[in-house]
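Notes for the one structure printed next.
Index from 1, following the sequence.
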Amino acid sequence: MATFADVEQIIADLPEVTEGARFGHRTWFVKNTAFAWERPYSKADLKRFGDETPPDGDILAVNVEDLEEKEAVLAAGRRGIFTIEHFANYPAVLVQLRVVGTRVLRDAIVDAWLAAAPASLADEFVANGGLKRR
């Protein structure tokens, strides 16, 4: 079971990240571009679930490269990775922290950072070996 403490630890190892807020929720940026943020459900989200029980616990949203990448991520069927109607046609997925494994969480966060970082910074990060597994 992952927590926001795990999210913070992974993000702390990424270069040039700042923390701020968007829409009243903690958001992480690379070079002023958001790549991950806390994403509780809105009243509208909950209404859209209807009789279906929404994934519970803390939810993290992370960007992906584009909509094609989003479909690939969702098709991989990783436990804890999902989307909601609000994110239709938007290149991001949601991560249910209490369900996702730390390796999948790390991959999702790093991929989000790579999608948002300037190409030169992303290339340098990859060339230097990326995140070291803990």
Once you round to the nearest 0.5 Å, how far does [atom1] of [X] lie from [atom2] of [Y]?
| X | Y | atom1 | atom2 | result |
| --- | --- | --- | --- | --- |
| Ile109 | Ile10 | CD1 | CD1 | 4.0 Å |
| Leu114 | Asn63 | CG | CG | 12.0 Å |
| Lys47 | Glu85 | NZ | CD | 11.5 Å |
| Ile84 | Phe82 | CD1 | CZ | 6.5 Å |

Taking atom CZ of Arg78 as the centre, report whether more than 12 heavy atoms of other residues, nucleotides or ligands fall under 6.0 Å from it.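 Counting other residues, nucleotides and ligands, CZ of Arg78 stays at 12 neighbours or fewer.
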Would you call Arg39 and Asp45 a salt bridge, using N to O less than 4.0 angstrom?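 A salt bridge is present here (some side-chain N lies under 4.0 Å from a carboxylate O).
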Just one of Val93, Asp107, Val7 clears the side-chain contact (heavy atoms from CB on, under 4.5 Å) bar with Val62, so which one?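 It is Val93; the other options fail the test.
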Evaluate the criterion salt bridge (charged side-chain N to carboxylate O under 4.0 Å, His left out) for residue pair Arg98 and Asp56; output intermediate values, then yes/no. CA-CA 8 Å; Arg98 67 183 274 317; Asp56 63 343; 3.4 Å; yes
Is the shortest side-chain heavy-atom distance between Arg79 and Val100 below 4.5 Å?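 A side-chain contact is absent here, since even the closest heavy-atom pair is not under 4.5 Å.
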Is there a side-chain contact between Pro118 and Leu121, using heavy atoms and a 4.5 Å cut-off?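 A side-chain contact under 4.5 Å exists here.
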In terms of hydrophobic clustering (I, L, V, M, F, W, Y; side-chain heavy atoms under 4.5 Å; direct or indirect links), are [X] and [Y] co-clustered?
| X | Y | value |
| --- | --- | --- |
| Val73 | Phe87 | no |
| Phe4 | Ile81 | yes |
| Val99 | Leu60 | no |
| Leu74 | Leu105 | yes |

Carefully, step by step, assess His86 and Arg48 under the rule side-chain contact (heavy atoms from CB on, under 4.5 Å). CA-CA 9 Å; His86 180 82; Arg48 286 184 199 110; 3.9 Å; yes
Test side-chain contact (heavy atoms from CB on, under 4.5 Å) on Thr3 and Leu97 and set out the steps. CA-CA 6 Å; Thr3 65; Leu97 294 181; 5.7 Å; no
With sequence neighbours left out, write down each residue that passes side chain to side chain donor-acceptor pair (under 3.5 Å) with Asp111, or none if nothing qualifies.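 Listed in chain order: nothing, the list is empty.
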Under 3.5 Å, which donor-acceptor pairs do the side chains of residues 20-34 form with other protein atoms, sequence neighbours left out?
from  : atom 1 : to    : atom 2 : distance (Å)
Arg26 : NE     : Glu38 : OE2    : 3.0
Arg26 : NH1    : Glu8  : OE2    : 2.3
Arg26 : NH2    : Glu8  : OE2    : 3.4
Arg26 : NH2    : Glu38 : OE2    : 2.8
Thr27 : OG1    : Arg22 : N      : 3.4
Thr27 : OG1    : His25 : O      : 3.0
Trp28 : NE1    : Glu19 : OE1    : 3.3
Lys31 : NZ     : Glu16 : OE1    : 2.8

Heavy atoms only: give me the nearest Leu46-Pro54 pair and the separation to one decimal.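 That closest heavy-atom pairing would be CD2-CG, 3.9 Å.
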Report yes or no: does Trp113 contribute a side-chain atom to a donor-acceptor pair with the main-chain N or O of Ile11 at less than 3.5 Å?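 No, Trp113 side chain to Ile11 backbone: no donor-acceptor pair under 3.5 Å.
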Look at the side chain of Lys70 and the backbone N and O of Val64, then say whether any donor-acceptor pair between them is shorter than 3.5 Å.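 No.
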Quick one: sort the Tyr41 and Phe49 rings into parallel, tilted or perpendicular, breaks at 30° and 60°.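 Ring orientation of Tyr41 relative to Phe49: perpendicular.
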If you apply the rule side-chain contact (heavy atoms from CB on, under 4.5 Å), what do you find for Glu71 with Leu67, and how did you get there? CA-CA 6 Å; Glu71 290 306 314; Leu67 292 175; 5.8 Å; no
side-chain contact (heavy atoms from CB on, under 4.5 Å) between Leu14 and Phe125: does it pass, once the steps are laid out? CA-CA 8 Å; Leu14 294 168; Phe125 176 75; 3.7 Å; yes
